Amino acid sequence: MKPSHLWSLFFCFAFNLVKSQGYRLPETLIPFRYEVDLVIPEAAFSAQSANFTGSVSIQFTANTTTSEINLHHRVYATSILLNDSAGGSISAANNTYNETTEILTIYLVEALVVASTYTLQIEYTAAFETSAMRGFYTSTYLDENNATAYLLTTQFQPTSARHAFPCFDEPQYKAVFAINLTYPSEYNALSNTESVSNDAFNSSHTKSVYKDTTTMSTYLIAFIISKFTCTTGDTIENGVDHRVCSRDEEKKDRAWAVEVGTPLLRTLESMTGIRYANYMPKMDQVAIPDFSAGAMENWGLVTYRETGLLFSEEHTSNVYKKSIALVIAHEFTHMWFGNLVTCKWWDYTFLNEGFARFYQYFASAVTQQLLDWELEKHFIVEQVHTALLADSTTGAQALTSTATTASQVSGKFSTISYNKGASIYRMIETNIMGSDNFIYGIRDYLTENQLTGTVPDDLWTSLAKFVPSVALPNNTGLSTVLENWVELSGHPVVTATKRGNDIILSQERFLLSGNDTTEYYVPITYTVSSDVTKFSNTTVKAWLVPGETLTLSNVLEDSSWIILNNRQSGFYRVNYDSSLWSAILAQLSSNHLVIDVLNRAQIVSDAYNYARAGRNGGYGTWNYTDAMLVLKYLENEVDYYPWYAAIIGNNHLLQRIGYDSEEGQKFTAWMLKLMQKVYSTVPFDTLDSSNQVYTMKQILILARVCRYGDADCISSAKRLFANYRQNGVSVPKNLRTVVYCNALRHSDDVQGDFDFLWQQYTQTKLSSEIMTIYSGLGCAENTTVLKWYLGQTINSTSGIRVQDFTSVWSYVYSSGKTGTLASLEYIEENYAALKDTYSNVGSLISGISNYIYDEEQLAKLSALSNITGLTLSHQTSVETALNSSANAITWAQLLKEDIVTYLDAEDAAAGVAMSRSSSCLLLFALLALLNRVF
């Protein structure tokens, strides 16, 4: 390299630091190939801080005349060279670097020629991340000899590839990557593709050269240097291996991921019509001890938290077994949605994440190993319901919303992008297109846009080709129908009003507080009492369009009730007038099984949210008395999904009024009466881990029955824990969460039981068991014990990882009043040490405040204002938390009054009905006494 061609650019001296440049790169240059060469020193695998050296060669073309090169980096460049296609050098006049946007701008002395090829070569050094789990970072674990072992791994999504090499770090800038890694020879290295050579670089280091990748975005590049070992499963097809890798000590726990991975990938190949091997030569899945995200879809090298990939048949709950399968399906879906076809910018994150969330359920549901898991039903209560809730505030983001800064981009990875995105896709499939046409549209989208970046209109264009002509409103295209669902936030509540035998439908946006006039194109499906077979028909029957009402003429001619939104296939809530609600409640009371189980879950979820909104200045006039009228039917309900919805509603209600308040105790006692039938179907002593549906219900119901204070449940939990502590008999794996928590919560020897369980934690390396123990320890009813436990989160020798810090705190402060007070006291007493160790104390204060429900807790929160040395930002966090908590306490008084009103009326109605077993008579007596009009 000739000296005249070299720009000696030492960033801290030679660059002018500018502050005004935008966060986005100008669309003037198109990179098409990177060659990345990294050299890793031995010191990187030790407690010493270390840097790596690197070089990157970027080939690009100019699509417009420009004399600037703009790209991202967070490295320390030592030299930069720009050559044209003939090898001639091009000089720079000046260079600037924006520390905020992380954009380097090189000002050239001559303009680049449109369509010509150039090569930018940068040599640099950079530091490994040692605390933030992003970029190229260090992770540690204890090996089989309990010695600290080190590995290096990456997490580039969304904006951290620039930490490892200078690049055009936006998803639309796709290129081929050639990766070369030089590292200490006692380690092994993985990247997106297979290595073509692994040769000695010198006496201590090996150099691995990898096959060129397919064309891909920077955030999907990955490399891992470790002493991990791998287990090979069934090949995806001839020559395309599927492996699961981890620390060697956990090799026996790879079996489930090995078993289910290849079938899931083949299912997705069948659905998309595109072979995985067309683009990548292998699939490695790797469990990383320190990992900030749940998993990451790096093309050909998918990374996970250990809890997201490793399953012990002996010790890991079926909850994790399900989660592992779904997370694998999610990440594998990204091989097509996100990797092959990528959102052009993060404004459209739902094009990646919505499909991944959609197919993690619906591809899994048709995969052989998971056929009887009812995942298509789980989708409703786990995804649709959570999306509706997240979408119920005036501040909710739209699916398409502007993201510019790094924090805004991170904010796009949210319940809206994932859950709502998936729910909208399900509505399109089930209500508008049908499964076959939807698949045809998806295949067209993937084929027409492969290896490019897309915007929503690209998807709508492909889907529209296969929409049945009768499926949409007159003279309205698919993109118009979807515009408000995607470009605006929110969703509607559809209200059904009876007029003779007609049903009049209207809509308004559902909000927990406030109001908004947005309306939507709503696909209407319904079932009437005279033909309950129609619940399975989710094809749109009529459209409720913005600015109009819809009349379903003579629909009740031979029917007493109507249920809208079959199987909750549309993304909306449904309310009814008082006469229709009375008929629905009568049906639920006499024979709830006539109504589809998913619609029963919808009714329960809607009831809770109508009460929450009505009591908070939002939609409607419901209160919790009305909700409890609906919930009354649950005394005969034994299905998982309505109970899942009910328990989610209960959690919020009890969080606000407090389990130990007088009204909280009355409510949980009432709820236990309703749960006796479902509780009897999942006894402690009947275990069947081979039956996933049964086991999920057992875990759900036992956890709540014990939490609501059932003496038999608590006794069973304490008995199993005592047998574990005294006789070494392990608690059955699917009961551990219930047993550990309730044994600690109701312990007769809190310190002894806590110490025993902590000792079990120190003796296991299985991540799922560690998390189960963490949650159990958080249930201890002793402030001193809990404060010691919280102290371990900032004790570097405790083994609690940074990624688990917030989980441990949450387990404590969400466990009850004792945990909330302990958390606030710990912050007050240890603020300086906590602040120095954890950077986001403000988020802890905010999280704790969500569980404050009485004046004692409020006073303890207020005391944080007097901490010596409290930072201004943390003072603001305390003031904000005080205001929200005080408002919540005031609001909770209304909820308490509703509960007392209902329970008093139920007692009076029971006397009128002469017998609680006369459920229909009791219902009508309640309605009369409460004189409720929904």
Side-chain angles (χ1 to χ4, degrees), residues 380-399 401 411 414-420 423-424 484-485 488-495 506-520 522 565 568 570-576 601-631 644-658 667 846-847 849-853 880-881 883-899 934:
I380 301 302
V381 294
E382 294 174 1
Q383 302 303 318
V384 176
H385 289 185
T386 53
L388 288 168
L389 181 60
D391 200 36
S392 295
T393 66
T394 54
Q397 286 187 339
L399 282 171
S401 58
S414 65
T415 300
I416 296 299
S417 293
Y418 287 71
N419 305 28
K420 182 179 178 179
S423 300
I424 295 299
N484 282 10
W485 294 103
L488 302 178
S489 60
H491 59 274
V493 53
V494 173
T495 299
S506 59
Q507 65 163 296
E508 65 178 279
R509 182 178 174 186
F510 177 79
L511 287 168
L512 291 174
S513 63
N515 57 78
D516 183 87
T517 58
T518 304
E519 294 190 358
Y520 309 81
V522 186
N565 200 5
Q568 204 165 9
F571 190 68
Y572 57 92
R573 300 189 186 278
V574 183
N575 199 0
Y576 304 89
Q602 176 189 13
I603 287 168
V604 170
S605 178
D606 283 352
Y608 263 115
N609 284 283
Y610 295 155
R612 184 172 172 180
R615 277 305 195 189
N616 202 40
Y619 166 79
T621 59
W622 278 54
N623 60 38
Y624 280 88
T625 299
D626 302 319
M628 292 172 75
L629 273 168
V630 175
L631 298 180
Y644 188 102
I647 286 166
I648 294 298
N650 291 349
N651 289 348
H652 176 262
L653 174 62
L654 289 163
Q655 179 181 330
R656 292 275 54 100
I657 68 174
F667 181 83
S846 176
S849 70
N850 290 326
Y851 291 85
I852 289 176
Y853 58 84
T880 301
N883 183 59
S884 63
S885 296
N887 290 337
I889 290 172
T890 301
W891 183 66
Q893 288 303 121
L894 300 175
L895 279 57
K896 292 177 180 180
E897 293 170 9
D898 291 345
I899 290 169
F934 292 93

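Basis for what follows: all heavy atoms, side chains included, without hydrogens, waters or symmetry-related copies. Here the structure is a predicted model, which means the values were calculated and not measured.
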Trainee: Please report the closest heavy-atom contact between Ala627 and Ala607, naming both atoms and the distance.
Mentor: CB-O, 3.7 Å
Trainee: Checking Asn623 side chain against Thr625 main chain: does a donor-acceptor pair fall under 3.5 Å?
Mentor: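 Such a contact is found between Asn623 side chain and Thr625 backbone.
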Trainee: Considering only heavy atoms from C-beta outward, does the side chain of Met628 approach that of Ile899 to under 4.5 Å?
Mentor: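 Yes, side chains in contact.
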Trainee: Say you draw a straight line from CG of Asn650 to CG of Leu653; how long is it, rounded to the nearest 0.5 Å?
Mentor: 6.5 Å
Trainee: Assess the residue pair Asp516 and Leu511 against the criterion (side-chain contact (heavy atoms from CB on, under 4.5 Å)); give the C-alpha distance rounded to whole Å, side-chain angles, the decisive distance to 0.1 Å, and a yes or no.
Mentor: CA-CA 8 Å; Asp516 183 87; Leu511 287 168; 3.8 Å; yes
Trainee: Side-chain contact, heavy-atom cut-off 4.5 Å: Ile852 with Ile889?
Mentor: yes
Trainee: For Asn419 and Val384, indicate whether the former's side chain and the latter's backbone hold a donor-acceptor pair under 3.5 Å.
Mentor: no
Trainee: Which distance, rounded to the nearest 0.5 Å, do you find between the CD of Gln397 and the CG of Leu488?
Mentor: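 Reported to 0.5 Å precision, the distance equals 13.5 Å.
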Trainee: Strictly distance-based, threshold 3.5 Å: is any side-chain N or O of Ser885 a donor or acceptor partner for the main-chain N or O of Ala881?
Mentor: yes
Trainee: Can you confirm whether Asn887 sits close enough to Asn883 that some side-chain heavy atom of one is under 4.5 Å from a side-chain heavy atom of the other?
Mentor: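 Heavy-atom side-chain distance check passes, below 4.5 Å.
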Trainee: Take Leu388 and Gln568 through the side-chain contact (heavy atoms from CB on, under 4.5 Å) test and state the conclusion after the steps.
Mentor: CA-CA 11 Å; Leu388 288 168; Gln568 204 165 9; 3.5 Å; yes
Trainee: Once the angle between the rings of Trp485 and Phe571 is folded into 0 to 90°, is it parallel (under 30°), tilted (30 to 60°) or perpendicular (over 60°)?
Mentor: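 Perpendicular: the ring planes of Trp485 and Phe571 meet at over 60°.
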Trainee: For the backbone of Tyr520 and the side chain of Gln507, can you confirm whether one donor and one acceptor N or O come within less than 3.5 Å of each other?
Mentor: yes
Trainee: Within the structure provided, determine whether Thr415 and Lys420 are in side-chain contact (heavy-atom separation under 4.5 Å).
Mentor: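 With C-beta onward as the side chain, the pair stays apart.
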Trainee: So how far is it from Ile648 CD1 to Tyr608 OH, rounded to the nearest 0.5 Å?
Mentor: 10.5 Å
Trainee: Output yes when a side-chain donor or acceptor of Asn565 lies under 3.5 Å from a complementary backbone atom of Tyr572, and no otherwise.
Mentor: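 Yes, Asn565 side chain to Tyr572 backbone: donor-acceptor pair under 3.5 Å.
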Trainee: Out of curiosity, Arg615 CZ to Asp626 CG, how far, rounded to the nearest 0.5 Å?
Mentor: 9.0 Å
Trainee: Apply side-chain contact (heavy atoms from CB on, under 4.5 Å) to residues Asp391 and Ile416 and explain how you reach the verdict.
Mentor: CA-CA 7 Å; Asp391 200 36; Ile416 296 299; 3.8 Å; yes
Trainee: Do side-chain atoms of Asn609 reach the backbone of Leu512 as a donor and acceptor pair under 3.5 angstrom?
Mentor: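 No.
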Trainee: Nearest heavy-atom pair of Val381 and Ala601: which atoms, and what distance?
Mentor: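 Looking at all heavy atoms of both residues, the closest pair is CG1-CB, 4.1 Å.
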Trainee: Determine whether a donor-acceptor pair (N or O, by modelled atom type, separation under 3.5 Å) exists between the side chain of Trp622 and the backbone of Ala613.
Mentor: no
Trainee: Working to the nearest 0.5 Å, report the span between CZ of Arg656 and CG of Leu894.
Mentor: 13.0 Å
Trainee: Side-chain contact test, heavy atoms from C-beta onward, threshold under 4.5 Å: evaluate it for Ile380 versus His385 and give yes or no.
Mentor: yes
Trainee: Can you name the nearest heavy-atom pair linking Thr518 to Asn484, along with the distance?
Mentor: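 Scanning both residues, the minimum pair turns out to be CG2-ND2, 4.2 Å.
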Trainee: Which is it for Glu508 and Val493 under the side-chain contact (heavy atoms from CB on, under 4.5 Å) test, yes or no, and what are the steps along the way?
Mentor: CA-CA 6 Å; Glu508 65 178 279; Val493 53; 3.9 Å; yes
Trainee: Count the heavy atoms belonging to other residues, nucleotides or ligands that lie under 6.0 Å from CG of Asn651, then report whether that count exceeds 12.
Mentor: yes
Trainee: Are the side chains of Gln655 and Tyr853 in touch, meaning some heavy atoms are under 4.5 Å apart?
Mentor: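 No, too far: nothing below the 4.5 Å cut-off.
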Trainee: Can you tell me how far CZ of Arg573 sits from CD of Gln602, rounded to the nearest 0.5 angstrom?
Mentor: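 Interatomic distance, Gln602 CD to Arg573 CZ, rounded to 0.5 Å: 8.5 Å.
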Trainee: Any non-hydrogen side-chain atom of Tyr610 less than 4.5 Å from a side-chain atom of Phe510?
Mentor: yes
Trainee: Heavy atoms, side chains only, cut-off 4.5 Å: are Gln383 and Tyr418 in contact?
Mentor: no
Trainee: Is the backbone of Arg612 close enough, under 3.5 Å, to the side chain of Asn616 for a donor and an acceptor to pair up by distance?
Mentor: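 Here the side-chain-to-backbone pair does not exist.
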